[in-house]
Amino acid sequence: FQQRRCSARRAAFLVESLQDLDRGLRARGARLHIASGDPAEVLPTLWSRLGIQYLSFDADETGEPYARRRDARVLTAAREAGVRAEPHATETLWSLEAYEAKCGGMGNAPGTMTAYQSLLGRMGKVLAPVDAPVAADYPSPGVQGELVGAAEMLVPSSPLALPWPRETARAEVESVWGPAEVAALSSRVVPALRGGESAALERLEAKIQAPGREAWVAAYDKPKTAPTALTPSTTALSPYLSLGCVSPRDMWHAVDAAAAAAPKSAARSKPPVSLHGQLMWRDFNNLVARAANDSVPGSWGQMEGNRFCRQVAWGEDKAALAAWAEGRTGYPWIDACMTQLRAEGWIHHLGRHAVACFLTRGDLWQHWEAGAAHFEAQLLDADYALNGFNWLWLSCSGFFYQYFRCYSPVAFQKKKDPSGAYIRKYLPQLARLPDKYIYEPWKAPPAVQKAAGVIIGQDYPEPIVDHAVVSKANMSKMADAYAKHKALNGGGSGAPAKKKQKR
DNA sequence: CGCTCTGTTGGTATG
DNA sequence: ACATACCAACAGAGC
């Protein structure tokens, strides 16, 4: 969690999660203490001060560069201090190490979802999570007693109270989270998602476990869920999974139980579109992130050196990138999605597809890394492995290659939500336009614009590009990039592959 | 090597 | 509302 790459909204979700964790610990006679600073310096100080001999920590198995370096330094310090240190894998259904052992090294790791599914099939039954600790599991008072009252170790009350990295200048911090951005947290559009385990378990109950949900769970078909719904049409459990507020194993077994209890007549979906499938995507994505970093350290999340990523000569247009990020493209569906992202930190999966395609191969031809950085900062469910994977997919840089299948910034959602209720909610300046023009306001005659109180080019932008024109042009750029890739990688012995000439 | 099949989620025109 | 053909034609797995 690095503040310079994290919106105030997302940080607020973290703070809520920490506060809830503290409440949960207090209910068991313990409490949460937060130490700030460089872990490799702060932890040894605490170990010697408090006589600590055991360190248990959450394993980062993807090889994300910051986490890898941090863990290596902390483990060295622990060895030197005689502290027994134990990492525990908790983010995935199975530890990535266990997958690696099963497939005989990361070189054999699955590169497709189908191959991953067969690997999972060989892993056995997904384990249940261990029980939550009870009061008796915590040391009493001793260690805790000495820390209680240390003001600098209290749980922060707001994003601005989070401890900053020491080298970060105050001016830099404020440019990311000025008082305005923090104040905006209580703005008109409020996310439905509150941080913390309590909220996670309530949501798990409401979406999966509650009586009456069985048939919905059994029939869940991700691509058919509505991207234009005014409240999430999916479970929206991803922010909780990404922060560890709920275990994927918990969700797995909740889905199992609900589907088993569904009536015989209920429709049954299967992976990868089912709810189990959604959890499987997470593990698959984590596995390929580890595989990329195993080949070239630090290559996941970027184009260079990434063995899963096509090299594409993306453009660099700061103005186009800013228009996209700030919801000023002139395409209401895109701008509404980007507005929801900034306001709530969440958008539907298919909305993410639409805006990611628009930024990269579809329309603006901007680098997917720039889009990924914006998503990482804004999304409550931002996740290193999943974010990287999905940007590769949507930009046709990896895992998905049918670049001639391009999302229209108008058509699909118009079919789903012909009156544009979703757009009217997030772009109130367009709210009085007739249905006919809500997805394409530039087509509205001047009199209609005037009557609706919105002049295109003045109150709302003209389209930043002509989708019909640029999407065609971009497809041929993708064809070029693919041809280059083939020439570089096609020959088994390093020789360029013969190009197939048609016509 | 060549072939077929599959791949979570396209758009447009036509019936 | 739904089904189908067509667009121009991807990669990866498996035989």
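Every heavy atom of this structure was used, including side-chain atoms; hydrogens, water molecules and symmetry mates were not.
Relative orientation of the Trp391(A) and Phe375(A) rings is perpendicular, given thresholds of 30° and 60° on the angle between their planes.
dT8(B) has Trp281(A) stacked on its base ring, the centres lying under 5.5 angstrom apart and the planes within 30 degrees of parallel.
Regarding Tyr482(A), its OH atom lies at a distance of 14 Å from the C1' atom of dA8(C), rounded to whole Å. Protein atom CG of Leu279(A) is 16 Å distant from nucleotide atom P of dT8(B), rounded to whole Å. Counting to the nearest Å, the P atom of dT9(B) and the CZ atom of Phe389(A) are 11 Å from each other. Here the C1' atom of nucleotide dG10(B) and the CD atom of Gln413(A) are 11 Å apart, to the nearest Å. Leu392(A) has its CG atom 17 Å from the C1' atom of dG7(B), to the nearest Å. Separating the NE2 atom of His349(A) from the P atom of dT8(B) is a distance of 11 Å, rounded to the nearest angstrom. Taking atom CH2 of residue Trp393(A) and atom P of nucleotide dG12(C), one finds them 12 Å apart after rounding to whole Å. Computed from coordinates, the Asp363(A) CG to dG11(B) P distance equals 12 Å when rounded to whole Å.
Of all heavy-atom pairs between Asp283(A) and Leu93(A), the closest is OD2-N, 2.9 Å.
Remark: the separation of the P atoms in dA5(C) and dC5(B) is 16 Å, to the nearest Å. Between dA9(C) and dG7(B), the distance separating the two C1' atoms is 15 Å to the nearest Å. Across dT8(B) and dA8(C), the matching C1' atoms stand 23 Å from one another, rounded to whole Å.
In summary, Lys414(A) and Asp435(A) do not engage in a salt bridge, as defined by a charged side-chain N under 4.0 Å from a carboxylate O. Note on Arg290(A) versus Glu100(A): salt bridge recorded, some NZ/NE/NH1/NH2 to OD/OE distance being below 4.0 Å. Ion pairing between Arg352(A) and Asp381(A) holds under the 4.0 Å rule for side-chain N and carboxylate O.
With a cut-off of 3.5 Å on both pairing distances, the Watson-Crick and G-U wobble pairs of DNA chain C assemble into stems of 3 or more at B:2-7 with C:10-15, B:10-15 with C:2-7.
For the segment residues 399-411 of chain A, the set of residues with a heavy atom within less than 4.0 Å of an atom of DNA chain B comprises Gln402(A), Arg405(A), Cys406(A), Tyr407(A), Ser408(A), Ala411(A), in numerical order.
Applying the ring-ring contact (aromatic ring centres under 6.0 Å, His included) test between Phe308(A) and each of Phe399(A), Tyr401(A), Phe400(A) identifies Phe399(A) as the sole match.
Looking at heavy-atom distances under 4.0 Å, Met478(A) makes no contact with the nucleic acid at all. Nucleic acid contact class of Arg310(A) (heavy atoms, under 4.0 Å, all strands): sugar-phosphate only.
Phosphate contact (OP1/OP2 of dA11(C), side-chain N/O of Lys486(A), threshold under 4.0 Å): present.
Distances from the side chain of Met113(A) to the nucleotides dT8(B), dG11(B), dT9(B) place dT8(B) closest. Taking only side-chain atoms of Thr114(A), from C-beta outward, the nucleotide of dT8(B), dC10(C), dA13(C) with the closest atom is dT8(B). For Gln278(A), the listed nucleotide lying nearest its side chain is dT8(B); candidates were dA13(C), dT9(B), dT8(B).
Under the 3.5 Å distance criterion, the side-chain polar atoms of Arg361(A) are matched with a main-chain donor or acceptor of Tyr403(A). The backbone N or O of Pro461(A) sits nowhere less than 3.5 Å from a side-chain atom of Trp442(A) that would complete a donor-acceptor pair.
Checked against ring-ring contact (aromatic ring centres under 6.0 Å, His included), Tyr439(A) has no partners two or more places apart in sequence or in another chain.
For an aromatic pair to be called close, the ring centres must be under 6.0 Å apart, and His353(A) with Trp393(A) fails this.
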